[in-house]
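Heads up: the structure comes next, in structure tokens.
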Amino acid sequence: MKVRIFDTTLRDGEQTPGVSLTPSDKLEIARKLDELGVDVIEAGSAITSKGEREGIKLITKEGLNAEICSFVRALPIDIDAAVECDVDSVHLVVPTSPIHIKYKLRKTEDEVLETALKAVEYAKDHGLIVELSAEDATRSDVNFLIKLFNEGKKVGADRVCVCDTVGILTPQKSQELFKKISENVDLPVSVHCHNDFGMATANTCSAVLGGAVQCHVTINGVGERAGNASLEEVVSALTVLYNYKTNVKMEKLYEVSRLVSRLMKLPVPPNKAIVGDNAFAHEAGIHVDGLIKNTETYEPIKPEMVGNRRRIILGKHSGRKALKYKLDLMGIKVNEDQLNKIYEKIKEFGDLGKYISDADLLAIIREVLGKEIEEKIKLDELTVVSGNKITPIASVKLHYKGEDITLIETAYGVGPVDAAINAVRKAISGVADVKLEEYRVEAIGGGTDALIEVRVKLRKGMDIVEVKKADADIIRASVDAVMEGINLLLS
Ligand SMILES: CC(=O)SCCNC(=O)CCNC(=O)[C@H](O)C(C)(C)COP(=O)(O)OP(=O)(O)OC[C@H]1O[C@@H](n2cnc3c(N)ncnc32)[C@H](O)[C@@H]1OP(=O)(O)O
Ligand SMILES: CC(=O)C(=O)O
């Protein structure tokens, strides 16, 4: 059976405290969501602001395949704003719980019903698809919900939605509630779950078992408070664990996750299911040994299925097979004695509570093998100019393959570090397509002469490396880290 995916990253997701997207950010995300194959994009809440309307209008003009929707309250002014943005549909939200009706709206149930039905009629008169949605439905009288939905159908509502606004459902209650609503309302039923108790994905899947045919979800589970049910979790669980189908192209999940993370400036926790960087990462020796023999031993699905990748991390818990596997991947040949020496050093590092980055491993290998591993690209010159009356600018001269090829480039940036890294990336653009995925900086010590530790994560295709470098000069530390990462990716 097929389940529709209603993505609310650009509406409920953008309600994440501190997050605000520009109209062009919204358009970029909407295009990716459309490529991903979601059925509905809730592009925002048109009444919110001029910029919000601008963003929604950019999306509706784009001619995407997905239905474009705006959140509206049961108010003509909200519906007018949605109509102005030329959306296909409205997510028309009506608070239904006693607490919302009494304290928030200061109305009676009858008054709420009357306002809601008038709003549905008004939206239908303006040619909109209407999803009539009950806010705080899971703390509402189920008979009132059924009455609202059935009356809503009479005046033209096309779908209904049950919102677990404060995330208090359990999987059992969810299945029962959605069964009751589906049996008593002859319209497609949507589920909208929040994650206050970490149950949003489970509750959403149970709602589908109960009869819901459309799931409201957000990329990375972003949203109010603890967030919404996450798209990647719901789609993967429904597909793999429950055997449902969706229109989502699952192999694009990681890519869309990272776009949303970058534009919302919300890092994806490493242990996030499906799209986290640790979702398919393994350090424990016993696990890696199993994986080498058959990946199914410790992976429920293949990482490529969701656009993620397998990572073998070396550390305190590693075994020799993991080390050998990693060295093979790096094209480094060692004898048994050298392997054991590198292995012991990794354990020593781990016991000191240290994280072993790819660059650390390379340093250990260099030490044990007693020889330099070839640096394909070397930094020769670096010049950076910055000040209060100049856009920061940097130029670099690099040597590629010894002295054979010289790469010289200049670039601007928002600051001197950005300019320097842009110059390096520009210079190597003809050699390799390397993307800077993450840049973090920490001062070790307190003064202006503190040691600066820079950590970068670089990607070339599906290969990712992490490097950390420390220097009193933040620009040197940054450029050295990026150069080392590029060399690792080219090795
Ligand atoms: C559970 C959810 O996610 S609900 C969606 C939350 N989304 C948002 O709030 C979108 C962003 N919001 C905004 O930009 C602003 O709140 C606006 C433009 C919508 C409204 O701003 P203001 O007019 O200043 O109102 P304010 O936000 O202070 O209060 C909300 C009003 O809407 C009313 N209201 C709330 N929900 C509904 C509803 N579904 N239908 C009708 N009225 C509603 C409230 O009762 C309150 O009315 P009151 O002023 O008569 O008490
Ligand atoms: C409508 C909505 O976002 C909610 O009730 O959570």
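Indexing begins at 1, ligand by ligand and atom by atom, following the structure's order. This one's a predicted model, so the numbers in the text were calculated from it and none came from an experiment.
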If you apply the rule salt bridge (charged side-chain N to carboxylate O under 4.0 Å, His left out), what do you find for Lys61 with Asp86, and how did you get there? CA-CA 8 Å; Lys61 277 196 200 125; Asp86 203 19; over 6 Å; no
Please evaluate residues Glu42 and Lys26 with respect to the criterion salt bridge (charged side-chain N to carboxylate O under 4.0 Å, His left out), reporting the C-alpha separation (whole Å), side-chain torsions for both, the decisive distance (0.1 Å), and the verdict. CA-CA 11 Å; Glu42 191 174 23; Lys26 283 206 168 217; over 6 Å; no
Test salt bridge (charged side-chain N to carboxylate O under 4.0 Å, His left out) applied to Arg310 and Glu299, step by step: CA-CA 9 Å; Arg310 181 174 305 120; Glu299 284 174 355; 2.8 Å; yes
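The protein reaches atom 32 (O) of ligand 1 closely, with a heavy atom under 4.0 angstrom from it. For atom 3 (O) of ligand 1, the nearest protein heavy atom is under 4.0 Å away. In this structure, atom 37 (C) of ligand 1 has protein heavy atoms in its sub-4.0 angstrom surroundings. Within a 4.0 Å radius of atom 46 (C) of ligand 1, the protein contributes no heavy atom. Using a 4.0 Å threshold on non-hydrogen atoms, atom 23 (O) of ligand 1 does not count as touching the protein. Within 4.0 Å of atom 28 (O) of ligand 1, not a single protein heavy atom is present.
Counting heavy atoms closer than 4.0 Å to ligand 1, residue Asp78 contributes nothing at all. Neither the backbone nor the side chain of His91 has a heavy atom within less than 4.0 Å of ligand 1.
One finds no salt bridge joining Arg31 and Asp34 here, because no Lys/Arg side-chain nitrogen approaches an Asp/Glu carboxylate oxygen to under 4.0 Å.
Using modelled atom types and a 3.5 Å distance limit, the side chains of Asn228 and Asn195 yield no donor-acceptor pair.
With a 4.5 Å cut-off on side-chain heavy atoms, Lys32 and Ile29 do not count as touching. Using a 4.5 Å heavy-atom cutoff, the side chains of Arg309 and Glu304 are not in contact. A 4.5 Å side-chain heavy-atom check between Phe280 and Arg311 finds every atom pair outside the cut-off. Residues Arg258 and Asp277 are in side-chain contact: their nearest non-hydrogen atoms beyond the backbone lie under 4.5 Å apart.
Within the structure, ligand 1 has Arg106 among the residues with a heavy atom less than 4.0 angstrom away.
The protein atom (non-hydrogen) at minimum distance from atom 39 (N) of ligand 1 is Val93 O, 2.7 Å. Here the protein heavy atom with the shortest distance to atom 18 (C) of ligand 1 is Ile47 O, 4.0 Å. Nearest protein neighbour of atom 40 (N) of ligand 1, counting heavy atoms only, is Ala74 N, 3.2 Å. Looking from atom 5 (C) of ligand 1 to the surrounding protein, the closest heavy atom is Phe71 CZ, 3.3 Å. Among protein heavy atoms, atom 1 (C) of ligand 1 sits closest to Glu135 OE2, 3.2 Å. The protein heavy-atom contact nearest to atom 12 (N) of ligand 1 is Thr48 OG1, 4.4 Å. Of the protein's non-hydrogen atoms, Gln15 OE1, 4.2 Å is the one closest to atom 8 (C) of ligand 1.
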Distance dump, ligand 2 polar atoms to protein, N/O, under 3.5 Å:
from     : atom 1 : to     : atom 2 : distance (Å)
ligand 2 : 3 (O)  : Arg11  : NH1    : 3.3
ligand 2 : 3 (O)  : Arg11  : NH2    : 2.9
ligand 2 : 3 (O)  : Asp12  : OD2    : 2.9
ligand 2 : 3 (O)  : His192 : NE2    : 3.0
ligand 2 : 5 (O)  : Thr165 : OG1    : 2.6
ligand 2 : 6 (O)  : His192 : NE2    : 3.1
ligand 2 : 6 (O)  : His194 : NE2    : 2.9

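Within ligand 1, counting atoms from 1 as listed, the ones closer than 4.0 Å to a heavy atom of Pro95 are 38 (C), 39 (N).
Taking the six-membered ring where the residue is Trp, Phe71 and His91 present perpendicular rings, their angle passing 60° and hence far from 30°. Using a 30° and 60° split on the angle between ring planes, His216 and Phe6 fall in the parallel class, below 30°.
Of the residues listed (Ile486, Leu458, Leu488, Val482), the one engaging Val467 in a side-chain contact (heavy atoms from CB on, under 4.5 Å) is Leu488, and it is the only one.
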Could you list the donor-acceptor pairs under 3.5 angstrom formed by side chains in residues 184-191, with sequence neighbours left out?
from   : atom 1 : to     : atom 2 : distance (Å)
Asn184 : ND2    : Lys180 : O      : 2.7
Ser190 : OG     : Glu131 : OE2    : 2.8
Ser190 : OG     : Gln214 : NE2    : 2.8

For residues 167-176, which side-chain donor-acceptor pairs fall under 3.5 Å, sequence neighbours excluded?
from   : atom 1 : to     : atom 2 : distance (Å)
Thr170 : OG1    : Lys173 : N      : 3.2
Ser174 : OG     : Asn203 : O      : 2.8
Ser174 : OG     : Ala207 : N      : 3.4

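Polar contact with ligand 1: absent for Glu224 (N/O pair, distance under 3.5 Å).
In this structure Glu442 satisfies the salt bridge (Lys or Arg N to Asp or Glu O under 4.0 Å) test with no other residue, sequence neighbours excluded.
Which of Arg73, His100, Lys104 comes nearest to atom 20 (C) of ligand 1 through a heavy atom is settled by distance: it is Arg73.
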